[in-house]
Amino acid sequence: MAIDSGSQEQSHKSHRSPHSGAKSNKKKNKGDDQKQHNPKAFAFSSSVKAKRLQSRASEKEQRRLHVPTIDRTTGEPAPYVVVVQGPPQVGKSLLIKCLVKHYTKHNLPDVRGPITIVSGKQRRVQFVECPNDINGMIDAAKFADLALLLIDGSYGFEMETFEFLNILQKHGFPKIMGVLTHLDKFKDVKKLKKTKQRLKHRFWTEIYDGAKLFYLSGLIHGKYPKREVHNLARFISVMKFRPLSWQVNHPYILVDRFEDVTPPERVHMNNKCNRNVTLYGYLRGCNLRKGTKVHIAGVGDYSLAGITSLADPCPLPSAAKKKGLRDKEKLFYAPMSGLGDLLYDKDAVYININDHFVQFSKVDDENGGVPHKGKDSDVGEVLVKSLQNTKYSVDEKLEKSFITLFGKKPDSLLQAPNGQEDAHKFINQINDEETDDSDEETDAEELDGSEISDEDNLPDDPTTKILDSDSDEENNDALEEQCPSKNNLTEHIEFHDGRMRRKAFFGDDSDHDHLKDSVEDDGSEDDDLDDGSSSHSDSSEDGEDHRIDGLTEGEMGNALKWKASLAERMMRQTVNLEQLVYGKSGTMASTSNEAQASSDDEQSGDDEFFKPKGEGNKKLGGVDGGNVDIDDCSKFTNLSSLKNWKTEELIESIRDRFVTGDWSKAALRGKQLEATGDDDDDAVFGEFEDLETGQKYEGDLKGNNGDDETHKDDDTEIEERRLKKLALRAKFDAQYNGSESPDEDTDTDTNTNTKHGGKVNRSQADEGFFDKLKEEIELRKQINMAELNKLDEATRLEVEGYRTGTYLRLEIHDVPFEMVEYFDPYHPVLVGGIGLGEENVGYMQVRLKRHRWHKKVLKTRDPIIVSIGWRRYQTTPVYAIEDINGRHRMLKYTPEHMHCLAMFWGPLAPPRTGVVAVQNLSNNQAAFRITATAEVLEFNHAARIAKKIKLVGYPCKIFKKTALIKDMFTSDLEIARFEGAAIRTVSGIRGQVKKAAKEEIGNQPKKKGGHPKEGIARCTFEDRILMSDIVFLRAWTQVEVPRFYNPLTTALQPRDKTWQGMKTVAELRRDHNLPVPVNKDSLYKPIERKTRKFNPLVIPKSLQAALPFASKPKNIPSRRRPLLENRRAVVMEPHERKVHALVQHLQLIRHEKMKKKKLKEEEKRKTHEAEKAKEEQISKKRQREERRGRYREQDKLNKRIRKNSGD
Amino acid sequence: MGKIVYKRLKGSQSLRQRLLLSTLRSTAVLIEDIRADETWPGLRPHEVSFLRLLEKISDDCTVEINETGTKLKYKPGILMGGKHHVHDCGVSRAIGYFLEPLIVLGLFGKKPLSIRLKGITNDSRDPSVDTFRSAALPILKRFGVPSEGLELKIESRGAPPHGGGEVLLSVPIVKNSLLAVNWTDEGMVKRIRGFTFSTRVSSQFENTMIHAARGIFNRSLPDVHIFTDHRAGLQAGKSPGYGISLVAETTTGCFISVDTAVSYAQGGEEGAIEETDKKELMPPEEVGEQIASGLLGEIEQGGVVDSTHQGMLFLLCALCPPDVSSIRVGKLSPYGIETLKNIIDFLGVKFVFEPDQSTGTVKLTSQGCGLQNFSRKFS
């Protein structure tokens, strides 16, 4: 466990408050100070204090502000995504089920995929359960608008929660709410209260003080209490969401429906062929333009083969009128859970009818004996049965199934473990069986498409395919089979509660042991709770469903065409101009060069004969741009066709374009657009090009001299618009400045600002920079909306793309079959749009910090898995740190507690994007999985990381101050590169590389005939070096960052398998059982220093001769025996002995005398010195005084001079 | 890994813009059939020079040209910008040819760009540097480009055929992205300014031009000031020439410009040499009158920019954040149309046209592609 060090923390000495002394007195005084009880205690007593408080308050106010961001979304917002996350077995699914039940009164048997729910008049919510593996968590963090973190209260925090929090923080930090479950495990009320408190505070430290933590107190009949779920739902429905910068700038879709639309023949031919899939979901973030590439998380980058906007399957109540079935049933959309009663597609609508209402004979054959409740067969059913009995050959079936969407796999029932897959195939098979006969007619009709509009009126619509979704039992069976196996899997590594739990410990977590005791088995009865009791849709085929049918795409196309033809008549000129610019085809050609190329061909076909080759393409110019080699020149002034501007009438014609002209007429000029656009609709564009037009209009103007009325009209219109804008702005201000009162009606009705009146005034009063900024943004938004709403639907789509909040069907071709094969509805699919330039790969520099809970430092060039933007990929970073001189120095390992730079290769993400790095993806790993967090700084193609390098050489020949150095370089070429480089020896003698050593000077080959050795450099030093010196050249070398990245294809493999990418060096060593290589030189050894033996001093003979005798070495030959003088014993005479003793005595006396004298002198000197020091001090003092006086004088003088000069 | 997908294009048309857009969009392009059928096939010297210029200001971009020069592979790198660049533009096209893409590129670089361009400053084919200074730079300011650091300094002038001019361009970088504009009111012309230049000819030529031009304007506007810029010695470049550039400023801050220059034939063009060698140069009175009429023609056409700057205006609109920009221009120039085509090709930004019958102008509306300055370092 990562944090368990907290429990054994050392005890600090506790604070002892002073009982006596100044401090305690002060405190005592403070305690009984009467001022404290003053009712006006917090009024200002001093102006300084008031000022300080005011500045503090305003500072706080400013700190609260954020840079306002423009919200470019228009229309209905997409449902907000509520991600429910938590460790396993904490009650995520149950919470979603309870919430769904609360909103829709439906029992959800199983939570699979996103579930869209209408939660209020203006709000829809999409619930998603976050999968438990780290990949799923990363993806979920990217699309979450609100994250509900479920925490097992009886157990405490687990690592998943913190991992998810970290991921969220780096990918935008959406709103977060904690939910404590399993609180019924506590028997002791006091302990419960304490635990709540403790968990709350820990939660707050992680997010912010006051973050909402919800308590679900326990289960009643296997569900959370209604009241608490209600409260939670209320909180969710009034939540305000803030825009997250990455999400706002990129379109993305959380896929809530997934289908394989590969032609069945292809699958039949080759089971592993690439598939075509369709993905459905609400568009979020920003508008999706045509031609945008998308990244499917866990699969890869794809270009969209087709985008279609479909009718909203779960519209808001206000919009839902007249469309679809009754509102009651439309509150709810979850196709992956098999629960949406309506499925829209491009060319069909599917109605799911519950098996309670429809029963078919063939079903049980397919189903492997799903029990049917006995029901009397009515006439219709008999008819259907009889129809089903007709046999068709396989070929015919295949032909028909071309239209029906799903391909079927023979081994589906055996293989696919996931329920949804099953369900799809299941539906498929039934579908084939059922609709075979009826398809006969419908296919033909559908194929030519033109008759679809006629089918509008038919009461029993043949295109409406009836799907049976009684696959619930089947799914649950499959699930139940799955569950025990999972249990078995985790059984052997179980730590707690039948599964491994990774508990997060903290310093204040003192009583976790007690809490652990009270944990009980919570059982798994949730799973088979809702098995049989699912009643969600009735098969009422009322007259309305043909309306739904009217929304199918074919219809849409027709309607648009019809509208377009109307519009065409209206604005023919526009079309003409558009054709002129964008080519003949009205639709946007993705690559206009093809069109150009073709037109080029036409041109050349005509002209080739009449022009000499080479000149053919020249000088054509023209507006059509048919020439591919047209001259590239921006200047366009045809000076040849100039008019004679000296003539009076010509000058008159543009008189109003000058300030000297008529201002009112000139003001009118711009305003004519709306007025004239409508009435003269048959004016061809050719006339527009005519330069005389202006003149013609001039006459027109003269016609109505009394144009004041129109002028005024215009003015009033402008005024009106301005007022409208102002009102809107005021409303906006009021909403955002005022209290955080939840108001759900954010429609653009201008008249609702009355209730905010008071606040408007206030906000206008203290208008600052911030308000101005917000106002500008709002104005910008209004302009955008006004401009875009003027356009008709088709052009708007081309100009701005699909709007956010529309339900889209994306068709993607050639995805690997594994995506279909291993598709698992429990893992939501995220499709993110790729921004400009983000599909390119390159080097990125990020500022990275190892997570403090991750146990190890990271090693340079060890692969890590990073999540940037929508992507997840494995890459090999090189860590670096910026030196003081701006150099990026490579680091072998990340610093322990510091940020460092990391550079790696991969698909580029714009600067400021958050990055989460993970090293290990496996679920059964105990420690904290988030390895590091980072932020993109820049991208840079030239990797600029350098590392220090030391070239070592040894002298091979030494001249005076020059030496030849070997082994430093390997070739003469290398030396040439390093000429002039600074070197130094170990002893600190500096030098310089000169040139490669020439052959003559000492670089002779050892043997005759051998080549001179390469790589010997001639260097000079500031002093003579020794042969024993080592010479170093210190240099910096560029470090190559590996060009490696490996996208994580987790969606292309079974979800329970851990993705395996490149291994780290340590893992490889472990796998291959290799020891860590050790450089012997790097080991520390006891230092052995030999005593240095110097050679005896040798003095040359000539020098010796010149020396004076005293300095001459006396070369006394060593004798074997000591001299005779030394050897002999001296025997003294008695007299001599006496004399000798006397002399010795005398000498002793003298020595004593001298000693005494010395001592006395010493003493004298000391006293003298002390006296001297004293004197010196005094003199110093005097000098200082003197100096001070002098300076003072000088200063005074200066001042006086200054004053004089000032006057 | 590392497989580059090239966008395939054909022909030498609007090569400048294609390269510019491909750099901004960072898509690699492969252009084939560059003047494949002509007697002098392949890239022209100025195009090669432009490619070199791109290499100079960007990092890790690769350019491959086949032997005949008819095929070009270009993989853009990251725009670096930076100081103390020097580029010789050659004498086949004027500096104006390089300036237009360079300014836009400079905005989206990592560091502010300052570059010294050498070559022909004024000629009759490309917009002159005076026009750039007086008309193009104000357009940029409209789009939220910081005005400090945006500067074009004419160190010395050079006329064709031998050039010898030198300008110092400095472009700041945009912090994040441009700002969308709503620029449909062209306003009324309140003043006319201009520059004349003369190199290696008598300075009297300039006075003559000014006199002639003023003669045309006198009846419409009194506020006309045309400055003279006579260069001599080293600053005058290597060949004689004279010219004039006029700018009309309107009440709403639009700048409408025309310019021309008169000199002996351009060196680079083959075939043109013998044709124009004997041609008499246009006398200065005619030049003055012609250019003044040209300006009046541009004013009559309407629009917030003149036809020369349409392309740049469209490009800037397309590079805006995803807000709606609306602009008004007069008759669409061929170059403007070409630009629109390239924009939709590379950026997918479509313009909506609203022709105004009464004034003969077109209002164009578009939503920008949301390009941000990604090469900028975030710290």
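The chains referred to below are lettered A, B, ... by the order of the sequence lines, with proteins before strands, and numbering in each begins at 1.
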**Message:** Is A/R289 in contact with chain B via its backbone, its side chain, both, or neither, using a 4.5 Å heavy-atom distance?
**Reply:** side chain
**Prompt:** Which atoms of A/L937 come close to chain B, meaning under 4.5 Å heavy atom to heavy atom: side chain ones, backbone ones, both, or neither?
**Reply:** both
Any side-chain to backbone donor/acceptor pair from [X] onto [Y]? Under 3.5 Å, distance only.
{"X": "A/T660", "Y": "B/L221", "result": "no"}
{"X": "A/Y582", "Y": "B/I344", "result": "no"}
{"X": "A/R657", "Y": "B/M188", "result": "no"}
{"X": "A/R780", "Y": "B/V324", "result": "yes"}

Closest approach of [X] to [Y] (non-hydrogen atoms, all atoms of both residues):
{"X": "A/L836", "Y": "B/C369", "answer": "CD1-SG, 3.6 Å"}
{"X": "A/V799", "Y": "B/Q367", "answer": "O-OE1, 3.7 Å"}
{"X": "B/S26", "Y": "A/G837", "answer": "OG-CA, 3.3 Å"}
{"X": "B/R376", "Y": "A/P911", "answer": "O-CG, 3.5 Å"}

**Asked** Where does the angle between the aromatic ring planes of A/F939 and B/F374 fall among parallel (under 30°), tilted (30 to 60°) and perpendicular (over 60°)?
**Response** perpendicular
**Message:** A side-chain contact here means heavy atoms from C-beta on lying under 4.5 Å apart; do B/D223 and A/F658 qualify?
**Reply:** no
**Prompt:** Would you say the side chain of B/T251 lies within less than 4.5 Å of the side chain of A/V659, judging by non-hydrogen atoms?
**Reply:** yes
[X] versus chain A, heavy atoms under 4.5 Å apart: side chain, backbone, both or neither?
{"X": "B/A180", "value": "both"}
{"X": "B/T365", "value": "side chain"}
{"X": "B/S326", "value": "side chain"}
{"X": "B/F351", "value": "both"}

**Pairing of A/E800 and B/K350 as salt bridge, 4.0 angstrom limit** = no
**Ion pair B/D323/A/R72, N-O distance below 4.0 Å** = yes
**Asked** Counting heavy atoms not belonging to B/K190, are there more than 12 under 6.0 Å from its NZ?
**Response** yes
**Asked** Can you tell which of B/K110, B/Q310, B/M80 has the highest number of heavy-atom pairs within less than 4.5 Å of chain A?
**Response** B/K110
**Request:** Could you have a look at A/I654, A/N840, A/V581 and say which one has the most heavy-atom pairs with chain B under 4.5 angstrom?
**Result:** A/V581
**Item:** Gap separating the CG atom of A/D656 from the OG atom of B/S220, nearest 0.5 angstrom
**Value:** 12.0 Å
**Prompt:** Does the salt bridge (Lys or Arg N to Asp or Glu O under 4.0 Å) test come out yes or no for B/K363 and A/E787, once each step is laid out?
**Reply:** CA-CA 12 Å; B/K363 190 178 151 200; A/E787 287 285 347; 3.8 Å; yes
